[in-house]
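Only one structure is covered here, and it is reproduced in the block below.
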Amino acid sequence: IKIAASEYRLVVANHHIILDGWSMPLLLQTLLGHYAMRGNIPAQTRSLSYRNYLAWLVQQDRSVSMDAWAKALGGVEEPTLLAPTVVGQEFSALSQKLQISLSESVTAT
């Protein structure tokens with residue numbers, strides 16, 4: 001967000017399907033580290049390719065993963081809530097585009 005002629009604030013927003021709460025700090029740490037080094041990142045500290053991770057994942061023993069999940073979900077026989085229901089509140093999952101301008105007083109802190 002442009003605050004003044006040469007002053008900006010970084011705002012990161014994403015849908016949970018793109019980035020989760022565990023991954024967000026990792027992304028920001030990497031992003032800000034690259035920014036601080038002005039893109040001159042030593043080869044040994046560069047981020048690993050997701051393609052390489054997927055190639056590694058394909059080589060793993062699937063039965064070990066299946067056994068671990070079977071143990072973790074053992075006894076679950078029906079759909080399970082991941083978060084409690086909030087009584088009296090209705091939530092919408094409809095997507096929409098929102099464009100707003102923030103005043104200087106709102107963005108001052």
Side-chain angles (χ1 to χ4, degrees):
I1 298 174
K2 187 173 184 178
I3 305 298
S6 61
E7 186 178 351
Y8 299 86
R9 294 278 195 271
L10 174 64
V11 176
V12 179
N14 61 275
H15 189 279
H16 67 90
I17 201 167
I18 302 297
L19 198 61
D20 62 13
W22 181 83
S23 302
M24 177 63 90
L26 299 175
L27 171 71
L28 290 177
Q29 179 182 15
T30 301
L31 175 67
L32 295 175
H34 286 212
Y35 181 79
M37 298 190 74
R38 303 197 182 276
N40 299 317
I41 310 302
Q44 66 271 20
T45 60
R46 288 191 185 135
S47 299
L48 299 176
S49 163
Y50 191 64
R51 179 181 304 210
N52 292 345
Y53 167 71
L54 293 177
W56 170 83
L57 191 58
V58 167
Q59 296 172 3
Q60 303 310 300
D61 185 348
R62 184 179 171 98
S63 66
V64 171
S65 179
M66 295 297 285
D67 291 344
W69 281 109
K71 182 178 178 183
L73 298 173
V76 176
E77 300 294 331
E78 58 188 37
T80 304
L81 290 176
L82 298 178
T85 302
V86 179
V87 177
Q89 290 187 358
E90 185 175 318
F91 297 97
S92 172
L94 298 175
S95 65
Q96 58 183 319
K97 183 175 182 178
L98 176 65
Q99 183 173 349
I100 61 171
S101 295
L102 300 175
S103 69
E104 185 174 344
S105 62
V106 169
T107 60
T109 56

Practice task
Supply the members, apart from L57, of the Ile/Leu/Val/Met/Phe/Trp/Tyr cluster built from side-chain contacts under 4.5 Å; use none for a lone residue.
Solution key: Y50, Y53, L54, W56
Practice task
Flag yes if V11 and L102 sit in one hydrophobic cluster, no otherwise; membership is Ile, Leu, Val, Met, Phe, Trp, Tyr, and two members link when side-chain heavy atoms are under 4.5 Å apart.
Solution key: yes
Problem - Under the side-chain contact (heavy atoms from CB on, under 4.5 Å) test, residues paired with L73 that sit two or more places apart - result: W69
Under 3.5 Å, side-chain donor or acceptor atoms of residues 16-27 against the rest of the protein: list the pairs with distances, not counting sequence neighbours.
unit_1, atom_1, unit_2, atom_2, d
D20, OD1, W22, N, 3.3
D20, OD1, S23, N, 2.7
D20, OD1, S23, OG, 2.7

Handout entry: side chain to side chain donor-acceptor pair (under 3.5 Å) partners for S63, two or more places apart
Key = D61
Practice task
Sequence neighbours left out, what passes side-chain contact (heavy atoms from CB on, under 4.5 Å) with S103? Give chain and number order.
Solution key: S105, V106
Practice task
Check salt bridge (charged side-chain N to carboxylate O under 4.0 Å, His left out) between E7 and all other residues, then give those that pass, not counting sequence neighbours.
Solution key: R9
Problem - I1 side, atom CD1; Y8 side, atom OH - distance, nearest 0.5 Å - result: 12.5 Å
